There are 2 protein chains.
Amino acid sequence: MHSIAVQSEEVFQALADETRLRIVRLMVVEAHESACLCELVDSLLEPSYKLSRHLAILRRAGLLASHKEGRWVYHRLVTKPTYLKQLYATVKALPDTSKIYRADLKRFRDRMRLREDGRCQVGIQSEAFRSETG
Amino acid sequence: MHSIAVQSEEVFQALADETRLRIVRLMVVEAHESACLCELVDSLLEPSYKLSRHLAILRRAGLLASHKEGRWVYHRLVTKPTYLKQLYATVKALPDTSKIYRADLKRFRDRMRLREDGRCQVGIQSEAFRSETG
DNA sequence: CTAATAGTTGCACTATAGTGCAACTATGCA
DNA sequence: TGCATAGTTGCACTATAGTGCAACTATTAG
């Protein structure tokens, strides 16, 4: 799973970008759960191409594992090596200095409620979420 | 001390560089101790202008606090907010994938032994340390 | 089969970050 | 006082990272 070949500073590089940190902040809330791209798109109000790219970086750094179910790719946090557990503890302890996180989290929780049978079925709903927080 | 104005991703940016991570890896060993630039120069075998720059970045991100004693500036880790404690726990748990850290640590320990009265008095000794590890 | 769409990626561009060289500032010693 | 040196920083440059647009691939529904 987690490749020993990943350079140590790469895990910090993975979180050194605002968007990627926003993604991981949402996912550490329920670290055993997964989220698909459209759920993240709706929560973060960021374009899918952008988030798809960032998810790839997180995956390459060993923080995310992904699996496909039909059209949907679900991403979950990798929690196995100790240092990743510690890293997520760091993320959880961060203050919300720019207030972005709280709004992200609310949208995320609302968005996850749209699941049916524990899976995302509705695709991207950004327009609805955008006007809610407008 | 630690400024509330620091952006969250900045603490990860601070460690997203190999050299800066090498610095912090040495300092977490004895988190209550401090080190001056020449001690780090000799341990990491990197030029002083480079390390001085990197130390400034770590300071700006809130990870380091510095104080001057005569010609020497001593730097120590800031441990106060919970997330920094967690961050250093992450650093401690990292594997030494590229084997650099072990050599750094040995030089660091050797170099700290050159202190007199708990203070660095000898200035930069890189040449001596370079041939030791040559 | 066609159309819609979740998700990915090429290309080109802009923005940001790291660093070598040289010079500077501050401190201590002879 | 002059010299040495710990430590810092300006300048110019190279390297790296993020992103918008457009196009692509894979899956599903009608």
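By convention in this document, chain letters (A, B, ...) are assigned in the order of the sequence lines, proteins followed by strands, and residues within each chain are numbered from 1. Keep in mind the model is a prediction, meaning the values are calculated, not measured.
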Check the distance between C:dA4's C1' and A:Gln125's CD and give it to me in whole angstrom. 14 Å
How many whole angstroms separate atom CG of A:Leu44 from atom C1' of D:dT19? 16 Å
With heavy atoms under 4.0 Å as the rule, sort B:Leu55 into base, sugar-phosphate or nothing. nothing
Does the A:Arg102 side chain pair with the main chain of A:Asp96, one donor and one acceptor, at a distance under 3.5 Å? no
Taking atom C1' of C:dG7 as reference, at what distance in whole Å does atom CG of A:Leu64 sit? 15 Å
Which residue lies toward the 5' end of DNA chain C, A:Leu37 or B:Arg20, if each is placed at its nearest nucleotide? A:Leu37
Among C:dT19, C:dG7, D:dT5, which is the nearest nucleotide to the side chain of B:Arg71? D:dT5
Sorted by position of nearest nucleotide on DNA chain D, 5' first, the leading residue of A:Glu69 and A:Pro47 is A:Pro47
If you compare every side-chain N and O of B:His54 against the phosphate oxygens of C:dT19 (OP1, OP2), does one of them come in below 4.0 Å? yes
Let's see if you can work this out: which of D:dT19, D:dT8, C:dG18 has an atom nearest to the side-chain heavy atoms of A:Arg53? D:dT19
D:dG20 OP1/OP2 closer than 4.0 Å to side-chain N/O of A:Tyr49: yes
Atom pair distance, as rounded to whole Å: NZ in A:Lys50 and C1' in C:dT9: 17 Å
To the nearest Å, how far apart are A:Arg60 CZ and C:dT8 C1'? 17 Å
Of B:Val122 and A:Glu46, the one whose closest DNA chain D nucleotide lies more 5': B:Val122
Rounded to the nearest angstrom, tell me the gap between atom CH2 in A:Trp72 and atom P in D:dT28. 8 Å
B:Arg20 and A:Glu9 ion-paired at < 4.0 Å: no
Report which part of the nucleic acid B:Cys120 touches: base, sugar-phosphate, or nothing (heavy-atom distance under 4.0 Å, all strands). nothing
Whole-Å gap separating C1' (C:dA4) and CD1 (A:Ile124): 12 Å
When you measure from the centre of the six-membered ring of A:Tyr74, is the NZ or CZ of A:Arg119 closer than 6.0 Å and no more than 45° off the axis? yes
How close or far is atom C1' of D:dT28 from atom CZ of A:Arg119, stated in whole angstroms? 17 Å
Of the candidate nucleotides D:dC21, C:dG7, C:dT19, which contains the atom at the shortest distance from the side chain of A:Cys38? C:dG7
Has B:Arg107 got its NZ or CZ under 6.0 Å from the middle of the six-membered ring of B:Phe129, at an angle within 45 degrees of the ring axis? no
Are any of the side-chain nitrogens in A:Asp110 or A:Arg113 under 4.0 Å away from the carboxylate oxygens of its partner? yes
Mind checking if B:Leu51 touches a base, just sugar-phosphate, or nothing, with heavy atoms under 4.0 Å? nothing
